[in-house]
Amino acid sequence: MPQSPTKPFSDVLSGERQAIPPVWMMRQAGRYLPEYREVRAKAGGFLDLCFNPELAAEVTLQPIRRFGFDAAIIFSDILVIPYALGRSVRFEVGEGPRLEPLDDPAKVGTLATQADFGKLAPVFEALSIVRGALGAEIALIGFCGAPWTVATYMVAGHGTPDQARARMMAYRHPEAFAKIIDVLVDNSIEYLLAQLAAGADVLQIFDTWAGVLPPAEFARWSVEPTRRIIEGVRAKVPDAKIIGFPRGAGAQLPSYVEATGVNAVSIDWTAEPAFIRERVQSRVAVQGTLDPLVLITGGTALDRAVDNVMATFAQGRFIFNLGHGIQPETPIAHVEQMLRRVRG
Ligand code: CP3
């Protein structure tokens, strides 16, 4: 019998603590890497890079080659779902995403219910190229945005500091807003299943803007749609491993974990460490929680911060990561310093 490959990352998600925690970084393929900037420059636009299977696979693999992370995350974006739903989605240099706003019930009436997944075929192809190129011990992460976070961009048409337009729409026109959420739930299930079929080992659901919602709205617009996505994925793939990232959920993390059925939860740097250890890590694996700004800082501040994270979480099921994405100005030497500190 062939030995089953050791995958420290997947083992943590199955409930087995690793003596040295697996490590990766949110946004690990990106502008802080000169080799990424080089490929990005020759790809043209950001979406052109996402939809070029060879180049998307290449930038996915770059941080693995350079740092030997335990997981690769496919290079794509959460806004490819609105794109596949036929919405106009553009990324302007220095400005972030631009979509056609979906900010009243009449416009929601025109929203397609079924995405054209043919438009996302290059993402699936990139996943299979990456899976073929990775060692068996390295996990490949597929992902989508949580419906609430994707809806904040669809409603406003761009990023907003407080997600006010989506929050207002959810209060004023709950039925129209629920339709957007329902369309995103159904299509995210299909999208995640297709990523598993193409070679993803693990899935992550990014709910970057979960933290702006009052508790009742958090339960309705963040937790419940995420729960339905996970239920839908597991109806077809019962043992699918899924990480949730309800950024800023704080005191509501235990109820998020309980209700959604995630295998792990990714946690930002503001959550109270002892609370997370006792109320969250006791139930599922924890991922995080280093502040990306201390990674820019480096030096003894970085060493101390890494030691704190390890002292708090490394006795349990833990994946070392940042509390949010790495910033473009982060020195590569600081990433190397962080890895030496974590791995000893
Ligand atoms: O983590 C990875 O390395 C995989 C790729 C990935 C990207 N976006 C590439 C990207 C992932 C997982 C995402 C998720 C994503 N996209 C989220 C959720 C996670 C988070 O960081 O909060 C959100 C909210 C988006 C939407 C989005 N995409 C915004 C707001 C922006 C502009 C801001 C920015 O960081 O530039 C993007 C663009 C984007 N997505 C870039 C990358 C590498 C930068 C584009 C470029 O290279 O010019």
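FYI, side chains are in, hydrogens and waters are out, and symmetry mates aren't considered; it's all heavy atoms of this structure. This chain uses plain numbering: 1 for the first residue, then up along the sequence.
- Residues Leu102 and Leu111 meet the side-chain proximity criterion, which asks for heavy atoms closer than 4.5 Å.
- Residue Gln281 holds its CD atom at 9.5 Å from CD1 of Ile276, rounded to the nearest 0.5 Å.
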For Glu224 and Arg227, run salt bridge (charged side-chain N to carboxylate O under 4.0 Å, His left out): C-alpha distance rounded to whole Å, both residues' side-chain angles, the deciding distance at 0.1 Å, then the answer. CA-CA 5 Å; Glu224 180 58 14; Arg227 185 197 69 72; 2.9 Å; yes
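- No donor-acceptor pair closer than 3.5 Å links the side chain of Thr149 to the backbone N or O of Gly145.
- Donor-acceptor pairing under 3.5 Å is recorded for the side chains of Asp303 and Gln337.
- Considering only heavy atoms from C-beta on, Arg31 stays 4.5 Å or farther from Arg40 through its side chain.
- Note: Lys42 NZ to Arg37 CZ = 15.0 Å, rounded to the nearest 0.5 Å.
- Enclosure of atom CD in Glu95 by more than 12 non-hydrogen atoms of other residues, nucleotides or ligands within 6.0 angstrom is indicated.
- Between His158 and Pro97 the shortest side-chain heavy-atom distance does not fall below 4.5 Å.
- Looking at Leu184 and Leu85, their side chains come closer than 4.5 Å, going by heavy atoms from C-beta outward.
- Crowding of Arg172 atom CZ: a count of heavy atoms from other residues, nucleotides or ligands under 6.0 Å not exceeding 12.
- Within a 6.0 Å radius of NZ in Lys119, more than 12 heavy atoms belonging to other residues, nucleotides or ligands are found.
- Of the listed residues (Thr297, Leu322, Ile296, Leu33), just one forms a side chain to side chain contact (heavy atoms under 4.5 Å, CB included) with Thr330, and that residue is Ile296.
- Here the side chains of Leu302 and Arg341 are not in contact, with every heavy-atom distance at 4.5 Å or above.
- Between the side chain of Arg131 and the backbone N or O of Ala200 there is no donor-acceptor pair closer than 3.5 Å.
- Listed for the Arg234 side chain is no donor-acceptor partner under 3.5 Å among the backbone atoms of Lys241.
- Annotation: the span from Ser282 atom OG to Arg277 atom CZ amounts to 10.5 Å, rounded to 0.5 Å.
- In this structure, His334 contributes its side chain and Leu295 its backbone to a donor-acceptor pair below 3.5 Å.
- Screening residues 209-221 for side-chain hydrogen bond (donor to acceptor under 3.5 Å, both in side chains) gives Tyr153-Trp209 as the qualifying pairs, with residues at least two apart or on separate chains.
- The heavy-atom pair separating Leu61 from Ala133 by the smallest distance is CD1-CB, 3.8 Å.
- Side-chain N or O atoms of Ser10 include none that pairs as donor or acceptor with a backbone N or O of Lys7 at under 3.5 Å.
- Relative ring orientation between Tyr191 and Phe124 is described as tilted, the plane-to-plane angle lying within the 30° to 60° band.
- When the side chains of ILVMFWY residues are joined at heavy-atom separations under 4.5 Å, either directly or via intervening members, Phe69 and Ile129 end up in two distinct hydrophobic clusters.
- Rounded to the nearest 0.5 Å, atoms CD (Gln163) and CE (Met168) are 14.5 Å apart.
- In the hydrophobic clustering of ILVMFWY residues, with side-chain heavy atoms under 4.5 Å counting as a link, Leu79 and Phe46 come out together.
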Begin with the C-alpha distance, continue with both residues' side-chain angles, and end with the deciding distance and a verdict on salt bridge (charged side-chain N to carboxylate O under 4.0 Å, His left out) for Glu100 and Arg87. CA-CA 7 Å; Glu100 51 187 304; Arg87 312 300 301 172; 3.6 Å; yes
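- A donor-acceptor contact under 3.5 angstrom links the side chains of Trp24 and Gln287, judged on distance only.
- In terms of modelled atom types and a separation under 3.5 Å, the side chain of Asp70 and the main chain of Phe9 share no donor-acceptor contact.
- When side chains are defined from C-beta on, His173 does not count as touching Phe177, because their heavy atoms never get closer than 4.5 Å.
- The shortest side-chain heavy-atom distance between Arg317 and Gln18 does not fall under the 4.5 Å cut-off.
- Atoms CG and CD1, from Leu13 and Ile242 in turn, are 10.5 Å apart once rounded to the nearest 0.5 Å.
- Follow the hydrophobic side-chain contacts under 4.5 Å out from Phe275 and you reach Val257 in the same cluster.
- Remark: Pro225 pairs with Pro147, Ile181, Val185 by the side-chain contact (heavy atoms from CB on, under 4.5 Å) rule, at least two apart or across chains.
- Of the possible polar contacts, none joining the Arg279 side chain to the Pro254 backbone as a donor-acceptor pair under 3.5 Å is found.
- Cluster membership for Leu203 and Val237, using ILVMFWY side-chain heavy atoms within less than 4.5 angstrom, is shared.
- Between the side chain of Asp77 and the backbone N or O of Val80 there is no donor-acceptor pair closer than 3.5 Å.
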Go through it in stages, so that I can follow the logic: the residues are Asp207 and Ser222, the test is side-chain hydrogen bond (donor to acceptor under 3.5 Å, both in side chains), and I'd like the CA-CA distance, side-chain angles, deciding distance and then a yes or no. CA-CA 8 Å; Asp207 210 351; Ser222 175; 2.6 Å; yes
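- Of the possible donor and acceptor atoms, one in the side chain of Asn187 sits under 3.5 Å from a partner among the backbone N and O of Val183.
- A distance of 12.0 Å separates CD1 in Ile205 from CD1 in Ile78, rounded to the nearest 0.5 Å.
- At least one donor-acceptor pair closer than 3.5 Å links the side chain of Gln195 to the backbone N or O of Phe143.
- Classified by interplanar angle (parallel below 30°, tilted 30° to 60°, perpendicular above 60°), the ring pair His324/Phe245 is tilted.
- Under a hydrophobic clustering in which Ile, Leu, Val, Met, Phe, Trp and Tyr are joined whenever their side-chain heavy atoms come within less than 4.5 Å, directly or via other members, Trp269 and Val286 fall into different clusters.
- Considering only heavy atoms from C-beta on, Ile64 comes within 4.5 Å of Ile138 through its side chain.
- Remark: Glu38 CD is loosely packed, at most 12 non-hydrogen atoms of other residues, nucleotides or ligands lying under 6.0 Å away.
- Between Phe67 and Tyr32, the angle of the ring planes stays under 30°, which puts this pair in the parallel group of the 30/60° scheme.
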